[in-house]
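I have placed the structure first, in the form of structure tokens, so that the comments after it can refer back to it.
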Amino acid sequence: MKLTNKAIDLLIVIGGRAFFALGGLLTVRIATEFMSPKQVGTITQLMATAGFFTLILFTPVWHYMARGFCEWKDNGVLIDNIRLASKYILISAGLVAVILYLIQYGFDMVIGIELWWVVLLVVLNFVFKSFYTIGANGYNILGNRKYFVFFSNVTIWVGLLLAILLFQFYNSVEYWVLGILSGYVVASVSAVALWYELKRSPVNINNSKDIMPFNKYVVYKFSWPVLIISCMWWMQSQSYRFIIPDLTVIGLFAMGYGVAAAPIALFEEIFSQFYEPIFYNELKSSDQSGQVKAWNNYAAYYIPSVIVMGIFIASSGHFLVQLLLGEEFREAGKVIVIWAAVTETVRASGSMLYQIGIAKVDQRLNLLPVSVGAILSVTGVYYFSRLIDPLIGTCIALLIAAITVYIIAYKRSTKYLPVTWPLSLMFKALLLSLTLPIYFIVSKSILKHEAIFSTIVVLSLGSLYMLLIQLYLYNNARELRPEKKLH
């Protein structure tokens with residue numbers, strides 16, 4: 001029965017996220033067909049600004065909450081902690097509005113949108129994305145995959161539908177973004193649904209000191225390193241949108257980079273949404289040996305699959321750009337996507353240091369690598385984009401930053417926990433994936449006229465082979481780590 005339930009869970013997550021991915025792909029294609037690179041550049045600046053405030057004010061608190069979600073539910077204090085988090089979100093929203101007003105008024109951070117629109121859209125994103133995260137991701141952590149999949153798809157499909165309708169009526173980037181954010185407004189009802197479900201199923205409240213606490217002091221102690229980490233990560237990955245002086249170049253780069261970054265981010269999300277409940281349960285009340293086992297299992301299943309995904313995207317970049325981007329974006333996208341695939345693969349692999357911080361409930365070990373990455377990225381984009389080329393120079397800067405962060409993360413990881421990186425599986429993933437570039441090079445030479453149907457067929461066959469490699473590596477990981485098989 002356990003095998004059946006987990007297999008069903010995995011199918012629900014994969015199926016739901018595949019449908020979500022389809023919505024995301026359609027959003028990118030429609031946006032790049034409807035809008036110019038300059039308009040897309042404005043949108044990317046706005047969404048990077050919105051993401052910054054969410055990262056620094058909500059993400060650290062949510063990561064602490066996620067660590068304690070199962071324990072709080074078992075002890076009857078989860079509903080009270082969600083109430084406290086809700087108050088925090090609303091108070092923080094006021095702070096976001098004031099700070100953003102002053103920044104936008106003084107520095108015109110987001111170019112091409114009126115001040116009041118910038119404040120409105122960023123605050124909407126902060127409030128409703130935060131409530132959606134508590135509701136939908138909360139359901140996922142507690143094992144209710146169906147609600148998680150449903151609400152996550154509400155965000156993308158409702159958002160896309162309303163964005164199209166509003167853009168057709170008003171033909172402005174503000175209304176496109178308003179439509180996208182409306183998906184989160186609707187999906188934030190998940191937090192209300194979770195609240196009432198918890199109220200209908202009360203458990204005996206246990207206020208023992210052994211329970212992971214949720215108060216200002218402990219959240220601050222956990223969150224201040226995460227806040228700095230989030231700031232530094234944002235600077236490493238998003239600051240180019242404000243350093244490159246040309247909005248058109250920003251739009252071209254963001255879409256080309258997104259062709260590689262979005263699938264890898266989606267894979268990370270699918271993996272974490274399936275595996276994090278297992279990871280958090282393994283960490284619950286565990287000693288150091290339990291933390292090591294939990295991290296080793298996570299890394300063995302995760303990193304090799306990320307490597308395969310990265311090689312697939314780099315190899316199929318020509319076809320992905322042809323399928324996903326509008327005509328104005330394709331030429332630049334075909335150059336950027338290969339750089340982006342390598343950069344994102346290195347970044348995703350190096351992010352495993354963060355899981356050690358989660359296990360130890362102490363993220364200070366991540367401060368050094370992310371700080372170095374932020375400095376290298378900002379300075380590198382500024383100089384390389386001017387000395388070499390705005391597109392290639394930015395690619396080089398982001399790759400150098402990602403490689404440096406990975407090296408530091410690898411060296412620091414074993415200092416804090418005696419973990420083992422799955423090097424043999426990583427090497428095996430690399431070897432097995434070498435046939436992918438050959439397949440896509442041959443396919444490109446055969447297909448003289450790249451129709452949408454033939455592009456989809458080529459990508460589908462390549463994706464199937466990629467999945468077979470990942471399944472093979474998954475079985476290898478199970479054999480190497482029999483103490484925590486996923487069944």
Side-chain angles (χ1 to χ4, degrees), residues 22-54 93 96-130 132 154-188 234 238-259 261-262 324-330 332-333 390:
L22 177 61
L25 297 178
L26 284 173
T27 301
V28 171
R29 181 59 189 256
I30 293 169
T32 54
E33 290 287 355
F34 281 6
M35 289 177 272
S36 68
K38 187 174 182 179
Q39 288 176 305
V40 172
T42 296
I43 291 175
T44 61
Q45 284 190 335
L46 177 65
M47 298 313 294
T49 304
F52 174 78
F53 285 102
T54 304
V96 169
V98 173
I99 293 173
L100 183 60
Y101 178 88
L102 295 174
I103 293 174
Q104 184 66 15
Y105 181 80
F107 301 99
D108 198 22
M109 191 172 181
V110 179
I111 301 170
I113 300 181
E114 292 183 22
L115 173 60
W116 72 272
W117 266 114
V118 174
V119 175
L120 173 65
L121 294 172
V122 171
V123 170
L124 280 176
N125 179 82
F126 179 82
V127 172
F128 291 103
K129 197 168 186 179
S130 298
Y132 156 75
V154 165
T155 63
I156 193 72
W157 289 101
V158 172
L160 176 58
L161 176 61
L162 292 175
I164 293 171
L165 290 174
L166 290 172
F167 192 82
Q168 291 300 313
F169 277 112
Y170 298 101
N171 192 31
S172 73
V173 295
E174 296 93 336
Y175 282 97
W176 174 271
V177 176
L178 180 62
I180 295 296
L181 296 182
S182 297
Y184 287 104
V185 174
V186 176
S188 65
W234 184 90
Q238 306 294 316
S239 63
Y240 73 84
R241 303 180 187 207
F242 305 92
I243 297 172
I244 299 172
D246 189 337
L247 271 180
T248 298
V249 175
I250 294 170
L252 290 171
F253 186 88
M255 290 297 100
Y257 197 91
V259 170
L324 300 179
L325 298 185
E327 189 173 349
E328 286 188 77
F329 296 81
R330 287 175 190 161

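Since the structure is predicted, the reported quantities are computational estimates derived from the model, not experimental observations.
Within the 3.5 Å criterion, the main-chain N or O of Val119 finds no donor-acceptor partner in the side chain of Gln104. Under the 3.5 Å distance criterion, the side-chain polar atoms of Ser36 are matched with a main-chain donor or acceptor of Gln39.
The OH atom of Tyr184 sits 7.0 Å away from the CD1 atom of Ile156 when rounded to the nearest 0.5 Å. Atom CD of Glu328 is separated from atom CD of Glu33 by 9.0 Å, given to the nearest 0.5 angstrom. Here CG of Asn125 is found 11.5 Å from CD1 of Ile180. Values are rounded to the nearest 0.5 Å. Trp157 CH2 to Leu22 CG: the interatomic distance, rounded to the nearest 0.5 Å, is 4.0 Å. In this structure, the separation between CH2 on Trp116 and CD on Glu174 is 8.0 Å, given to the nearest 0.5 Å. Taken from CG in Leu124 to OG in Ser182, the straight-line distance is 8.0 Å, to the nearest 0.5 Å.
Tested against Arg241 for a side-chain contact (heavy atoms from CB on, under 4.5 Å), the candidates Leu46, Thr49, Thr44, Leu247 yield a single pass: Thr44. Here the rule is side-chain contact (heavy atoms from CB on, under 4.5 Å) with Val173, and of Leu178, Val40, Thr42 only Thr42 fits it.
Across all their heavy atoms, Leu324 and Val28 have their closest contact at O-CG1, 3.8 Å. Closest approach of Phe329 to Gly251, counting heavy atoms only: CE2-O, 3.9 Å. Ile111 approaches Gln45 most closely through the heavy-atom pair N-OE1, 3.0 Å. Counting all heavy atoms, side chain and backbone alike, Leu26 lies closest to Leu160 at CB-CD2, 4.0 Å. Thr32 approaches Gly326 most closely through the heavy-atom pair OG1-N, 2.8 Å. Contact record, Ala187 with Thr155: CB-CG2, 3.4 Å, taken as the closest heavy-atom pair.
Residues Trp117 and Leu120 are in side-chain contact: their nearest non-hydrogen atoms beyond the backbone lie under 4.5 Å apart.
Taking the six-membered ring for Trp and thresholds of 30 and 60 degrees, Tyr175 and Tyr170 have nearly parallel ring planes, at less than 30 degrees apart.
Judged as a side chain to side chain contact (heavy atoms under 4.5 Å, CB included), and not counting sequence neighbours, the contacts of Asn171 are Phe167.
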Problem - Step-by-step side chain to side chain contact (heavy atoms under 4.5 Å, CB included) determination, Gln238 to Phe52 - result: CA-CA 9 Å; Gln238 306 294 316; Phe52 174 78; over 6 Å; no
Handout entry: Leu181 vs Phe128, side chain to side chain contact (heavy atoms under 4.5 Å, CB included): CA-CA, chis, key distance, verdict
Key = CA-CA 8 Å; Leu181 296 182; Phe128 291 103; over 6 Å; no
Practice task
Begin with the C-alpha distance, continue with both residues' side-chain angles, and end with the deciding distance and a verdict on side chain to side chain contact (heavy atoms under 4.5 Å, CB included) for Val98 and Tyr101.
Solution key: CA-CA 5 Å; Val98 173; Tyr101 178 88; 5.9 Å; no
